[in-house]
Amino acid sequence: LAAEAAIADKVPEITAVTAQTPAYYSLDFDASKNYTEEALSVNGTEVKFRAYRHVVYVANPQNAESQYMNIFIPAAYFEGAKINGYTKETAPIFMPNGVGGYMPGKAGEPLEKDNMAGGGANSSLIALSRGYVVAAPAIRGRNTIGEDGKTYVGKAPALIVDYKAAVRYLRYNKKNLPAGDTEKIISNGTSAGGALSALLGATGNAKEYNPYLAEIGAAEARDDIFASSDYCPITNLENADMAYEWMFNGVNSYYTAMWQLQDLESRGQNVPGSKQRPAGPPPKAIDADAANNPVASQQEVQMTSDEIAISKVLKEAFPAYVNSLKLKDENGQRLTLKKDGTGTFRDYIAGKYKESAQAALNNGTDVSSASWIKVENGKVTAVDLSAYPAAATRMKAAPAFDKLDLSSAENDEFGDIYNTPKHFSNISKHYEQKTGDMANSEVIKMMNPMNFIGKADTAKHFRIRHGALDRDTSLAIPALLALKLQNNGVDVNFSVPWGRGHSGDYDLPELFDWIDSICK
Ligand code: DHB
């Protein structure tokens, strides 16, 4: 009883949760036990580190297998040595999340060979080799089930609540951590994980999340971070359908990714185009290079007349949204769209593709296969944005995210504890085909970093990447994020790598050079 009272003192609103969740995990990190000494190598150089695995980061997890982190500390810091100019007091803390597809994220591990990082060492191992502490949390996702074996406990906003709880745990244990500067926490993620990383960066200490943090017994500490690294963030979900049609309207067929087909099948949803292709399951093989080769091993599917009709509605709604943001470019010029979708914001997007192609040319990359750009004497002289969508191809039918039949990964992400999917945008709710509820408006708000920039303790530094071939979301979406951050005084490093599709961690040396440049 005394112990329970002590817990209740520390963690507000714990009683309701303890009723179903008797398990209690200490929030105090004990560095003296439960670790192993390990070594891996990067380019023939040995990297020694101490590994603390399975550190549950909340007092009352709803699923203890999803709410823990792995902490890795370079061995040199136990011997008083320096690495890359960092000491145990100044070492930044690299905090990658493994979320993809809004599914549960696994806790990261340093790896010598990782497909995502082009077959070489992964981000956690590179981080250790460069003297960073790595804190890699597992995160609940849209199919995470609670300790009762029935309820879905990982729907929105669980993923951001967990990431914040992990940050709070580190800060709360500042004195117990053998190394690492908790004022230099850098998040990293790709796709849904990139969106999550952006959300963590944008929403530091925002009070909206407090009830959710209290519910799982998160430590009482700040959750703002120093910097956020976001690869191809699938973010700003309630506006992403409009952005997608602003870009892809007029292209009336699409190539669904294999992971989406498998995800739809696993949830008993309709598989698009199943009537258009021979009977039988969709091909299972995922082309190893599918992310950078969009149409590899995918089936072309024609959009229906309803999908074509809603594409137009969404496209025409986008300018009002862009204009409502009142954004400016680096030179102070207002970025707006006219009713027909043209305007300075469209020119800005064309300019990002132009920079991308020019950077590729400067590196000696052949860009001649891209029919939508014009090159004269080694200079990109024009970008035809209207020809880009057909060349890049469409990946998703309209609406891309909030599906009228509630079938998308995002509808599932906004679903309830009984696994019923929900809408999250007004247009889809209006034109819906199934009787679906709208997700709670506070939850929709809490999933979008755009709502918190300039209103919370937003990270001072962001690095955002979106590949020039990526059509999982429109380039407009990461661009709006970058611009809104920039317009609010955040230091933003945003670019569009040529030849890249929907992937991340492909430029780790540059990523860590950037982190070093802001930390040192
Ligand atoms: C991811 C990709 C998508 O196209 C999407 O809609 C959601 C998530 C991902 O790879 O995480």
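Counting starts at 1 for both ligands and their atoms, in listed order.
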Is it true that H502 lies under 4.0 Å from ligand 1, counting heavy atoms only? yes

Which heavy atom of the protein is the closest neighbour of atom 7 (C) of ligand 1, given with residue, atom name and distance? E410 OE2, 3.0 Å

Top protein contact for atom 10 (O) of ligand 1, by heavy-atom distance: S191 OG, 2.6 Å

Distance flag, aromatic centroids of W498 and Y353, threshold under 6.0 Å: no

List ligand 1 atoms under 4.0 Å from W259, heavy atoms only on the residue side. 1 (C), 2 (C), 3 (C), 4 (O), 5 (C)

Return the closest protein heavy atom for atom 8 (C) of ligand 1 as residue, atom name and distance. G101 CA, 3.6 Å

Aromatic ring pairing Y132/F94, orientation class (parallel under 30°, perpendicular over 60°, tilted between): perpendicular

Short list, please: which atoms of ligand 1 are under 4.0 Å from a heavy atom of G100? 11 (O)

Test your reading of the structure: does A192 have an N or O sitting under 3.5 Å from an N or O of ligand 1? yes

Ring centers of W246, F345 separated by less than 6.0 Å: yes

Ring centres under 6.0 angstrom apart (F226, H461): yes

Between the side chains of D162 and Y68, is a donor N or O closer than 3.5 angstrom to an acceptor N or O? no

D347 with K352: basic N within carboxylate O range, under 4.0 Å: no

Does an N or O anywhere in K396 fall below 3.5 Å from an N or O of ligand 1? yes

For D472, take its heavy atoms, then give the atoms of ligand 1 lying under 4.0 Å from any of them. 2 (C), 3 (C), 4 (O)

Would a 4.5 Å heavy-atom cut-off, applied to side chains only, mark Y209 and M446 as touching? yes

